[in-house]
Amino acid sequence: MSASDKDFRPKARRPRGFQDRRGAGLARERALVAKISKVYEDWGFEALETGAFEYADALGKFLPDQDRPNEGVFALEDDDDQWMALRYDLTAPLARFVAENYDGLPKPYRRWAAGPVWRNEKPGPGRFREFWQCDADTVGSASPAADAEMIAMACAAYEALGLKRGEYRINFGDRRILDGALDLIAKFGAQAPAKFNRTTILRAIDKLDRLGREGVRALLGKGRKDESGDFTPGAGLSVEAADSLLDVLTNSGSSGAGSASQSNAQRIDFLKLNLSPDADSSVASALADLESMSDVLRSMGVSDQQWRLDTTIVRGLDYYTGPVFEAQLIGANGAGFGSIGGGGRYDDLVARFTGQKIPATGFSIGVSRLAAALEAGEANAQFTDGPIVVLPFDKDSMTDCFAFAARLRAKGLKAEVYLGGAGPKAQLKYADKRNAPLAVILGGDERAQGQVTLKDLKLGAARAKSVADNKEWREGGAAQITVPQDELESAVSRILASQRGA
RNA sequence: GCCGCCUUAGCUCAGUUGGUUAGAGCGCUGGAUUGUGGAUCCAGAGGUCCCUGGUUCGAGCCCUGGAGGCGGUACCA
């Protein structure tokens, strides 16, 4: 090692968009995953785990002659000159798995998966470059009932997490209806819809929730200038065409009720009336599918409060073929956090590998974002108790302390021995920082008597709130008891019980 | 990618027209209390003022270039 190597000090810093998680926060997130996957299992989905890397072409990334296919993914080149990329979702690996193992799988194939995914994008609040998803998919069923089941199960999952009716909603749209609405524009002037940039229009519509109607009108027309002064070119629609499109999609204007309280049945009727599709068109079959979905959802007890037909839902542009859905938090919790889950039907994904069209539909819950949103919502979230900390006040007490900790663990309690070299004061500070409910203290005095001291840290903390003076503080006693060593377990449970009661 | 803002102690930030020794609150360490956390009081430690080059007698402050962070916007299979 050269001198300069020795001198080199890397700066300790977390890569942006990646999170360090610890303690209670991590436990909370794991609990979310456990609860969601329990629901998926209960609904008859089988667990599937695939690796973090896929070959880049399997992810749908074709490699032009650039050095790195880094558009949105983290990629690297394998020894055999093949590009591999970290998966950016759990759906593409599923498609690959199904294509590879098609013959041996039950059809339809129902599986769930949970794990981290990676996206090489600019991070933001509630938006990470590594985050967890928890997916369920049904591969091999074209029935609208499969889509309806996804919505119903998503509701069940959110409620298993403790969300209540009215705190979340699944918004539901359909690509085919969007296309039908775009055809309406043909009625305005000479511009044929095919000449419009459909992509630009769909992207604009997708921003309705964030930019509002006026912002989207600008994007559909001439373009929009944002807060920083940057200008986004628009789709170039006429004002009449843009308004007409927005009226149909948002169910407002002269022929629409425009009411948020409208039922889904009313919304379907509105679309039938305004899109007036040909009997054999894809819009017509989309509407028929919608009605049967609606029926299935009703029979599963899913109410209009839990799902809403919203034809402005677009989602990612390429791989969804029909129904698309998106879950959002309602109310203060949801502000600024975007969607907390989403999915849709992707009938062509497996066909990329096999050439055989296999219908599939799925739903994905963004665990990291949901955890971030829930956390932001409950700023005063109660923190969970740390372990009981056993403190050896002198060196000779160490062995006995380990025996105490072992006895507490045998009772199913979390316990640890303080391993640092500091004095009593620092030891108590440590216990405090670990959020221990109580400290077990063993020093020379106790050992001489065959006793042990138990200090109720929570009681002391509560008492501190009302004490402002050092003298009063010292006179108040130490919120601790000393008991014979063989009464350790019973005395500890008494203190814990009194803490729960208080 | 584009646009804007920002970077001073562990954290959040103040810092006058460019002037000697760069500050505060919180946190941290120690003491008041030789074996007792959280309140209170006292003391202390802690700085490459993001980096680089320049202007100047003199730069945390002004100028060039770079890096990093934040926000908006675009992209998001």
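In what follows, every chain begins at residue 1, and chains take the letters A, B, ... in the order their sequences are listed. The shown structure was predicted, so the numbers you read here are calculated from the model rather than taken from an experiment.
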Main-chain N/O of A:T91 paired to A:Y346 side chain as donor or acceptor, under 3.5 Å: no

Base B:U36 to side chain A:K425, donor-acceptor N/O within 3.5 Å cut-off: no

d(CZ, A:R224; C1', B:C3) in whole Å: 13 Å

Residues that A:R169 engages under side chain to side chain contact (heavy atoms under 4.5 Å, CB included), provided they are two or more places apart: A:N171, A:R308, A:Q328, A:I330

Separation between the P atoms of B:U64 and B:G18, rounded to whole Å: 16 Å

Atom-to-atom span, CZ of A:F131 to P of B:C76 - whole angstrom: 15 Å

Interatomic distance at C1', B:U73 relative to B:G58, whole Å: 44 Å

Donor-acceptor pair (no angle test) under 3.5 Å: A:E446 side chain, B:G35 base: yes

Exam field: side chain A:D137 to backbone A:V139, donor-acceptor pair closer than 3.5 Å: no

Interatomic distance where NZ belongs to A:K429 and C1' belongs to B:G35 [whole Å]: 16 Å

Integer-rounded Å distance: B:C28 P and A:D432 CG: 10 Å

P gap between B:G1 and B:C61, integer Å: 28 Å

Length of the line joining A:L219:CG and B:G72:C1', which is rounded to integer Å: 14 Å

From B:A77, B:G69, B:A74, nucleotide with atom closest to A:R119 side chain: B:A77

Inter- and intrachain pairs under salt bridge (charged side-chain N to carboxylate O under 4.0 Å, His left out), touching residues 420-441 of chain A, at least two apart: A:E416-A:R434

Rounded P spacing from B:U7 to B:C62 in Å: 10 Å

Structure string for RNA chain B in dot-bracket form, Watson-Crick and G-U at under 3.5 Å, | interchain: (((((((..((((.....[...)))).(((((.......))))).....((.((..]....)).)))))))))....

Options B:U36, B:G37, B:U73, nucleotide nearest the side-chain atoms of A:R210: B:U73

Whether A:E121 side chain and A:R129 backbone form a donor-acceptor pair below 3.5 Å: no

Side-chain H-bond candidate by donor/acceptor type, A:T321 with A:D348, under 3.5 Å: no

Touch class at under 4.0 angstrom, heavy-atom based, for A:L391 against every strand present: nothing

Interatomic distance, A:D385 CG vs B:G37 P [rounded to whole Å]: 20 Å

N or O in side chain of A:R16 less than 4.0 angstrom from B:G69 OP1/OP2: yes

Carboxylate-amine/guanidinium proximity below 4.0 Å for A:D347 and A:K357: no

B:G30 to B:U36 separation - P atoms, rounded to the nearest Å: 14 Å

Any side-chain donor near an acceptor of the partner, A:T138 and A:T361, under 3.5 Å: no

Given B:C75, B:A74, B:G35, the nucleotide with the shortest approach to the side chain of A:R203: B:C75

Sugar-phosphate, base or nothing in reach of A:K458, heavy atoms under 4.0 Å: nothing

Nucleotide nearest A:D445 (side chain, heavy atoms from C-beta), chosen from B:G35, B:C75, B:A77: B:G35

Check: B:U73 base within 3.5 Å donor-acceptor of A:K225 side chain: no

Minimum-distance nucleotide to A:K122 side chain [options: B:A77, B:U73, B:U36]: B:U73

Partners passing side chain to side chain contact (heavy atoms under 4.5 Å, CB included) against A:S397 (at least two apart in sequence or in another chain): A:P392, A:D394, A:C401, A:L442, A:R447

Check: B:U36 base within 3.5 Å donor-acceptor of A:Q427 side chain: no

5′-ward residue of the pair A:P15/A:T232 relative to RNA chain B: A:P15

Spacing of the P atoms in B:C28 and B:G60 (rounded, Å): 32 Å

Sugar-phosphate only, base, or nothing, as touched by A:G444 at under 4.0 Å among non-hydrogen atoms: base

Same-atom distance (C1') from B:G65 to B:U52, integer angstrom: 7 Å

Polar side-chain contact A:R127-B:C76 base: donor and acceptor under 3.5 Å: yes

C1' atoms of B:U29 and B:C51, separation to the nearest Å: 32 Å

Protein-nucleotide distance (A:L202, atom CG; B:C75, atom P), rounded to Å: 12 Å

Which nucleotide in B:A74, B:C75, B:C28 has an atom nearest any side-chain atom of A:K433: B:C28

Length of the OH-P vector between A:Y88 and B:C75, whole Å: 18 Å

Heavy-atom donor-acceptor pair, A:R409 side chain to A:A415 backbone, under 3.5 Å: yes

Where at least one partner belongs to residues 83-100 of chain A, residue pairs that pass salt bridge (charged side-chain N to carboxylate O under 4.0 Å, His left out), sequence neighbours excluded: A:E54-A:R96, A:R96-A:E100

Nearest listed nucleotide, side chain of A:Q480, among B:C76, B:A74, B:U36: B:U36

Electrostatic pair A:R213-A:D243, nearest N-O below 4.0 angstrom: yes

Interface residues of residues 482-494 of chain A with RNA chain B (non-hydrogen, below 4.0 angstrom): none

